[in-house]
Amino acid sequence: MQTLRKTEIINHKKKIDQLFKSGNRFLIDEFQLVYSTSNIYDNWFNILISVPKKKIKLACNRNLLKRRIKEVIRRKKEKFILKLKDKKKRIKIAVIYSSEKVITYKNIEEKINLILLRLLKEI
C-alpha cells in the first residue's frame with residue numbers, strides 16, 4: 001500500500017536541527033536535498049518537505065508545491081525502501097524547494113526521480 005505515514009514525516013525541531021547540522025547536501029535544479037544515513041532510526045525512510053516563504057510568497061502556492069512533492073514521494077517510496085533494505089541503510093531526507101516559480105507535477109516527478117537515483121548512488 002502506498003502511503004506516507006505520520007511517523008515517516010520529520011517534525012521535531014531537534015531532529016530537524018540534527019539533520020541540517022550533520023547531513024550531506026546536493027542540488028538538482030530547483031531542489032536542494034539534505035540527507036543523513038544511520039541504522040538507529042525507527043523507519044527506513046523519514047522525510048521533511050520545505051518550500052520557503054522567502055521564495056514562494058503565496059501560501060496556496062507553497063501548499064500546492066508541498067502536496068505535489070509529497071505525492072511524488074509517496075508513489076516512489078516503496079521501490080526506494082526496497083533498495084534501502086538491500087543496502088541495509090536507514091535514511092532521513094529534507095527536500096527543500098529553492099525556485100521562485102511553481103512547477104508542474106510532471107517536472108517535480110522527473111526531478112524527484114533524479115534525486116532518488118543520485119541518493120541511492122551516494123549512500
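Residue numbers start at 1 and run along the sequence shown.
Taking both residues in full, the closest heavy atoms of Arg62 and Val51 are given as CD-O, 3.3 Å, listed atom of the first, atom of the second, then distance. Summarising the geometry of Pro52 relative to Tyr97, their closest heavy-atom pair is CD-O, 3.0 Å, with the distance given to 0.1 Å. A pairwise comparison of heavy atoms in Lys89 and Trp44 identifies O-CE3, 3.1 Å as the closest pair.
Here CG of Leu27 is found 5.0 Å from CD of Gln32. Values are rounded to the nearest 0.5 Å. Put simply, CG on Leu120 and CD1 on Ile115 are 12.0 Å apart, with the number rounded to the nearest 0.5 Å. If you take CZ on Phe45 and OG1 on Thr7, they are separated by 11.5 Å, rounding to the nearest 0.5 Å. Going from atom CG of Asn46 over to atom NE2 of His12 covers 10.0 Å, rounded to the nearest 0.5 Å. Taken from CG in Leu33 to CD1 in Ile47, the straight-line distance is 8.0 Å, to the nearest 0.5 Å. To the nearest 0.5 Å, the span separating CD1 on Ile93 from CG on Leu116 amounts to 6.5 Å.
Residues Asn24 and Thr37 fail the side-chain proximity criterion, which asks for heavy atoms closer than 4.5 Å. The closest side-chain heavy-atom distance from Phe31 to Ile96 is not below 4.5 Å. Ile10 has its side chain within reach of Leu19: a pair of non-hydrogen atoms, C-beta onward, lies under 4.5 Å apart. In this structure the side chain of Lys70 reaches within 4.5 angstrom of the side chain of Leu4, judged on heavy atoms. Taking the side chain as every heavy atom from C-beta outward, Lys57 and Glu100 never approach each other to under 4.5 Å. In this structure, the side chains of Phe26 and Val34 stay at 4.5 Å or more apart for every pair of heavy atoms. In this structure, the side chains of Asn11 and Leu48 stay at 4.5 Å or more apart for every pair of heavy atoms. Inter-residue side-chain proximity for Phe80 and Ile73 is flagged as unmet; no heavy-atom pair is nearer than 4.5 Å.
Using modelled atom types, no side-chain atom of Lys111 and backbone atom of Lys106 make a donor-acceptor pair closer than 3.5 Å. For the pair Asn107 (side chain) and Ile103 (backbone), a donor-acceptor distance under 3.5 Å is absent.
No continuous path of hydrophobic side-chain contacts links Ile69 to Leu117 [ILVMFWY only; heavy atoms under 4.5 Å].
Seen from the ring of Tyr35, Arg25 does not count as a face-on cation partner, given the 6.0 Å and 45° thresholds.
More than 12 heavy atoms of other shown residues, nucleotides or ligands fall within 6.0 angstrom of atom CZ in Arg118. Atom NZ of Lys87 has more than 12 heavy atoms from other residues, nucleotides or ligands within 6.0 Å.
A salt bridge links Lys76 with Glu109; the closest basic N to acidic carboxylate O contact falls under 4.0 Å.
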Could you check Lys77 against Glu8 for salt bridge (Lys or Arg N to Asp or Glu O under 4.0 Å), going step by step and ending with a plain yes or no?
CA-CA 11 Å; Lys77 183 183 81 163; Glu8 294 174 328; 2.9 Å; yes
Would Leu64 and Tyr105 count as a side-chain contact (heavy atoms from CB on, under 4.5 Å) here? Give the steps.
CA-CA 10 Å; Leu64 174 70; Tyr105 179 85; over 6 Å; no
Residue pair Glu71, Arg68: steps toward the salt bridge (Lys or Arg N to Asp or Glu O under 4.0 Å) verdict
CA-CA 5 Å; Glu71 177 64 12; Arg68 287 178 177 173; over 6 Å; no
